[in-house]
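Take a look at the structure below.
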Protein chains: 2
Amino acid sequence: MATIRELARLCGVSPATVSRVFNNPGVVNAKTREQVLRMARQIGYLPNQSARTLATKKSFMVGLVWDTDHRRPGWRHPFFQEILIGLKTALSGRGYHLLMLATSGEKSHDAYVRAVRRHNLDGVVMIDSGTWDPSLRRLAESGVPCVGLDRPVRGPRATYVTSDNVGGARLAVRHLHERGRRAIATITGPAHTRPGAERLRGYREELSRLGLPQRPEFVVEGDFYLSGGHAAMRRLLAADDRPDAVFVAGDEMAVGALHAIAEAGLKVPEDIALVGFDDIEVAALMSPGLTTIAQDKAGFGTAAAEAVVAMINGADAPPPRILPTRLVVRGSSSPSL
Amino acid sequence: MATIRELARLCGVSPATVSRVFNNPGVVNAKTREQVLRMARQIGYLPNQSARTLATKKSFMVGLVWDTDHRRPGWRHPFFQEILIGLKTALSGRGYHLLMLATSGEKSHDAYVRAVRRHNLDGVVMIDSGTWDPSLRRLAESGVPCVGLDRPVRGPRATYVTSDNVGGARLAVRHLHERGRRAIATITGPAHTRPGAERLRGYREELSRLGLPQRPEFVVEGDFYLSGGHAAMRRLLAADDRPDAVFVAGDEMAVGALHAIAEAGLKVPEDIALVGFDDIEVAALMSPGLTTIAQDKAGFGTAAAEAVVAMINGADAPPPRILPTRLVVRGSSSPSL
DNA sequence: CATCACGCTGTAACCGGTTTCATGTAACCG
DNA sequence: CGGTTACATGAAACCGGTTACAGCGTGATG
C-alpha cells in the first residue's frame, strides 16, 4: 500500500504538499499538482480513510439506526428498501457512506451513542418503530446531527422527515366522497403512532369539511398489519349499519380488509369502496387494484440525506420536512355500477 | 473525548497496559485490569476505532455491495430486507459492522476495490443483479474475503450462498404431480440468470423422474417480474393444448400469471394449479394464497456472515453454501374439486 | 535598496491507538 | 544461592494522514 510519504518522495515534494493536492488543491502550484496527481494514479495511491478520520475527526460516514427487534413493528417499514436506496444514493452523491449501526445485543442505554462516538460518525439517520427507546432518545440528545424517518426526533441538532399524513387522509376521504360514498368509515393505525394519529385526524377534518357526521362506530383501530385490517373490517361489517366506503390507513391492512369483505360475500368496489395508504407494491398487484395514497418513497431518503449533510456542515437543524402525498386511483374505488 | 493516555495517567499505568486490558486481557494482572476497567467506565472512555484501524489494519467493517442501478433487476431482490436483517444481526454478533458501499457515480472499473482499500474493509458481501459487472469481478479477484448472495462469485477468497433451486423446483413439480396434474408447464426466469437456469433444470429433472414428457411449448421464459409472468401465461393459454398446472419460477411472476388466468376466465386452482418460488410476502396475501417454494431468507444473511468472518479469520474460502428450500402449500394448488 | 506581501512549500507535531522489545520482579529449581 | 523462567509492565516507534507555523523566492512598493 502506497502511503503519502512514498508518493511525496517519488514526486520530490513533502507529504504536506501531497496532502494539500487532495484537500486544498487551490493553494498548490498547478504544475506540482498535476505531477502529484499523475504519479498518484500511476502507483495507485489511495488516501487511508482511517488516518484521515483520526486526524480530522471527520469520518464521512453516517450511521443508520434501524431497529430490527422483531417484537416491534418498525423493522419492516412499508418501503424500507426504497428509502434505503434514496438515502444511499443521496449520501454517496455528497461524499458520505452509510454504516448500518448495530448494538451487538448490548442493552446499555447508550449503546448507540457509544457506537457513534467510537466510529466518529458525522451524523445519524433513524428509521424504526417510533417507540421512544431510551437509547435512541440519548442519541438524539447527544448532539450528533440526527434525522428521523417517519418519526419525530427531538434534540439539539435533530429533525425529521415524514409524509403529509393529514393531507393524504383528506385526499382519500374527498375521493370517496366524490365517488358518491357517504357512509365512510376508517380503519386506523395504532393511536400511539404518529402516522396512525395523523391519518385519523385527516379523516376527521375532511368529514367535517364535507359536512358528513362523525360516527364513532365508523372508526376502528388496526395495527398496520394484515390481520389487524382483517379483524377491523369484520367489526365494521358486523355492525347494523355498514359503511359503503372505508379509508384504511395502511395498504397492508387494506389487503386484510379486502379479504374480510370477500369472505362476507360482498364485493369491492360495488358494495364497499376501499382506499389505502402507502402504495406498497402489493397495492397494484391485487385484484381489484387498490386505490391508495402514495408517499414519496425516494423523497424520504433524499430529504434525510440533505438534512443530515446540512447539519454536518454546520447548519442549524432545519424544520421537519413534510413530503407531499398523492392519490393513486385503482379499481377498489371505481365508480360502483 | 478521553484518550488512552489520559486513562492511563489516571490509573497510574502506561498506555500500553490499558491497550492490553482491552485487547489481550489475559496478560495483564487481574487487579490492574479491574482498576482500568472501572476507571474507563467512570470517565466514559471509548477506544477510537479509526486509530485502531490505522494501527492494526482491521476495521471490523464488512462492505455491502448492493447494485441499485435501476436498469438491472438485482436491486430489488425478492427478500432483500430479510437478508439484510440476517446479515446485520449475524455480523454484529461477531463484532462486525456493515458499511453500504457506494461508488459515488464513479464509473471506474475498480471503484469498489478502491472503496474497500480506502476504508480498510475486512470483507465484502455482494447482492446484486448477477451480471458480471467488471468492477465486481475485480473486487472478487482483488483478494478481499468476498461472499456472493444468490450469485456465484469466483476469486481467491470468494464463495457464495444460494438456495437449492434445483431441489425446490423438483419439489414444486412433484407436488403438482401428486395433486393429479399431468400437463405441467413452467414459466422460467431469464435463462442467463443462475436461479432461472437452475429452476428450469429442476423442473426438467423431475418431469423425467416422473416419466412425464418434456414439451418445449410448455416452457416459456419470463423475466422474474409481474409483467413477464403475465405475458408468459398468456402465451401458455393461447396454445391449443393448455396446461393444467404451471410451475412459475418466481412469486412475482406467479401473481402476473394469476391475473392472466383470471382475465382468460379460468380459475385457480380448478382449471390451472400454480406453484411459485420465493415465498414473498404477497404470496400469502393473494386469494387464493399462492403455493410456493420458500427460501430460507434469514439463512442467507447468517450464512454469508459466517462465511465472510471465517475467511477474515484466515480460513480458506468455504465451498458454496446451498440453503434448503421447502414447499409451502396454499390455495393455488389445492386439490381441484 | 530595504521592505513587504504573496504564493508556495517543507518541518514537525499531532491525532489515538498497537506492538515490539527491554526491563524489573518474583517464583522456581537443582 | 545462582540461574532460569514466567509474568507484568513501560518506553518508544509506528500506523498514515493533517495542519500550524516558519521559511523561501519573487516581484512590487516606497
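Residue numbering restarts at 1 for every chain, and letters A, B, ... go by the order of the sequence lines. The basis for the numbers below is simple: all heavy atoms, side chains too, and nothing from hydrogens, waters or symmetry mates.
Across the protein-nucleic acid pair, Gln35(B) atom CD and dT9(D) atom P stand 10 Å apart, rounded to whole Å. Here the P atom of nucleotide dG16(D) and the NE2 atom of His119(B) are 16 Å apart, to the nearest Å. Atom CG of Asn120(B) and atom C1' of dT18(C) are 14 Å apart (whole Å). Between Asn24(B) atom CG and dC7(D) atom C1' there is a gap of 13 Å when expressed in whole angstrom units. Atom CD1 in Ile4(B) sits about 14 Å away from atom C1' in dC15(D), given to the nearest Å. Atom-to-atom, CZ of Phe22(B) to C1' of dT18(C) comes out at 14 Å; the value is rounded to the nearest Å. One interatomic measurement links the two molecules: CG of Asn23(A) to P of dG16(D), which rounds to 17 Å at whole-angstrom precision. The distance from atom CD of Glu6(A) to atom C1' of dG16(D) is 11 Å, rounded to the nearest whole Å.
Every side chain to side chain donor-acceptor pair (under 3.5 Å) that Thr162(B) has, sequence neighbours left out, goes to Asp150(B). Scanning for side chain to side chain donor-acceptor pair (under 3.5 Å) contacts around Lys58(A) gives Tyr96(A), with sequence neighbours left out. Listed by chain and residue number, Pro152(B), Tyr160(B), Glu198(B) satisfy the side chain to side chain contact (heavy atoms under 4.5 Å, CB included) test with Arg194(B) (two or more places apart in sequence, or in another chain). Residues satisfying the ring-ring contact (aromatic ring centres under 6.0 Å, His included) criterion with Phe224(A), sequence neighbours excluded, are absent altogether. Checked against side chain to side chain donor-acceptor pair (under 3.5 Å), Thr53(A) has the following partners two or more places apart in sequence or in another chain: Gln49(A). For Thr302(B), there are no side chain to side chain donor-acceptor pair (under 3.5 Å) partners, not counting sequence neighbours.
For Phe300(A) and Phe80(A), the gap between ring centers reaches or exceeds 6.0 Å.
For Pro15(B), taking side-chain heavy atoms from C-beta onward, the closest of the listed nucleotides dT18(C), dG17(D), dT19(D) is dT18(C).
Between the side chain of Ser59(A) and the backbone N or O of Asn120(A) there is at least one donor-acceptor pair closer than 3.5 Å. A distance-only check finds no donor-acceptor pair linking the side chain of Asp110(A) to the backbone of Val113(A) [under 3.5 Å].
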Using a cut-off of under 3.5 Å, enumerate the N/O to N/O pairs linking the protein to nucleotides 23-25 of chain C.
none

Between protein and nucleic acid, restricted to nucleotides 5-9 of chain C and to nitrogen or oxygen atoms under 3.5 Å apart, what atom pairs and distances do you find?
residue	atom	partner	partner atom	Å
dT9(C)	OP1	Thr32(A)	OG1	2.6
dT9(C)	OP2	Asn29(A)	N	3.0

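The stretch residues 45-62 of chain B touches DNA chain D through Leu54(B), Ala55(B), Lys57(B), each having a heavy atom within less than 4.0 Å of the strand.
Lys297(A) contributes atom NZ, which lies 10.5 Å from atom OG of Ser163(A) (distance to the nearest 0.5 angstrom).
Each end of the helix from dC1(C)-dG30(D) to dG30(C)-dC1(D) yields a helix axis from five base pairs, and these two axes differ in direction by 50° (to the nearest 10 degrees).
For residues 304-323 of chain A, the side chain to side chain donor-acceptor pair (under 3.5 Å) pairs, not counting sequence neighbours, are Glu306(A)-Arg321(A). Applying the salt bridge (charged side-chain N to carboxylate O under 4.0 Å, His left out) definition to pairs two or more places apart or across chains, none involves residues 32-41 of chain B.
Residues Val21(A) and Pro25(A) form no side-chain contact, since every pair of their non-hydrogen atoms from C-beta on lies 4.5 Å or further apart. Side chains of Ile85(B) and Trp66(A) form a contact here, defined as non-hydrogen atoms less than 4.5 Å apart.
In this model, the phosphate group of dG16(C) is not approached by any side-chain N or O of Thr3(B) to a distance below 4.0 Å at OP1 or OP2.
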